[in-house]
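See structure below.
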Amino acid sequence: MYIIFRCDCGRVLYAKEGVATRKCVCGKSIKTKSRRIFKKIETSEEASEAVRQMQEEIHGKTGFTTANNIKYHKRG
Ligand SMILES: [Zn+2]
């Protein structure tokens, strides 16, 4: 099992369940037990996919939007 959690910098990370610390790309070492777990995932592939999806939700999709979103981007 893999766990999905966030660093203080806002990045979404995953780690194998039972791993005590995970280093973020920002340089901070996260104690996994101190973090709120968003999801638990079976495989590393699915975990990295879940991380990617969460990053997109948080930071917005790049180069892709839906008709649904466009109407909220009013000019001016
Ligand atoms: Zn970080």
Side-chain angles (χ1 to χ4, degrees):
M1 283 294 241
Y2 291 81
I3 54 172
I4 311 284
F5 54 95
R6 284 183 77 180
C7 178
D8 294 336
C9 72
R11 285 180 181 85
V12 183
L13 304 170
Y14 72 92
K16 205 164 167 51
E17 194 174 33
V19 168
T21 58
R22 172 78 154 85
K23 197 165 187 184
C24 178
V25 292
C26 74
K28 195 173 166 68
S29 286
I30 312 298
K31 288 192 177 72
T32 55
K33 277 184 180 152
S34 71
R35 311 309 293 192
R36 193 163 84 87
I37 306 305
F38 286 97
K39 282 179 185 168
K40 287 191 175 184
I41 313 264
E42 291 282 343
T43 68
S44 61
E45 284 98 31
E46 285 174 305
S48 68
E49 178 64 16
V51 165
R52 197 183 60 77
Q53 281 176 7
M54 281 183 69
Q55 298 269 33
E56 283 182 355
E57 279 168 30
I58 294 159
H59 300 294
K61 291 179 168 67
T62 53
F64 176 79
T65 189
T66 64
N68 216 19
N69 289 331
I70 288 167
K71 65 184 170 189
Y72 296 109
H73 292 274
K74 284 184 181 161
R75 295 176 73 140

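Since the model is a prediction, treat every value here as computed from it, not as a measurement.
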According to a 4.5 Å side-chain heavy-atom criterion applied to Ile, Leu, Val, Met, Phe, Trp and Tyr, with indirect links allowed, do [X] and [Y] form part of one hydrophobic cluster?
X: I4; Y: I58; result: yes
X: V51; Y: I3; result: no
X: F5; Y: Y2; result: no

Can you give me the closest heavy-atom contact between [X] and [Y], atom names plus distance?
X: E42; Y: E46; answer: CB-OE1, 3.8 Å
X: C9; Y: R11; answer: SG-NH1, 3.2 Å
X: I30; Y: C7; answer: CD1-SG, 3.5 Å
X: F38; Y: R6; answer: CE1-CG, 3.5 Å

Name each donor-acceptor pair under 3.5 Å that joins a side chain in residues 13-27 to protein atoms two or more places apart or in another chain, with its distance.
from : atom 1 : to  : atom 2 : distance (Å)
E17  : OE2    : K40 : NZ     : 2.7
R22  : NE     : Y14 : O      : 2.6
R22  : NH2    : Y14 : O      : 3.3

Next on the checklist: Side chains of Q53 and E49 only: does a donor on one sit below 3.5 Å from an acceptor on the other?
Outcome noted: yes

Item to check | Residue list, salt bridge (Lys or Arg N to Asp or Glu O under 4.0 Å) with K28, at least two apart or on another chain | outcome: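 Residues passing salt bridge (Lys or Arg N to Asp or Glu O under 4.0 Å) with K28: D8.
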
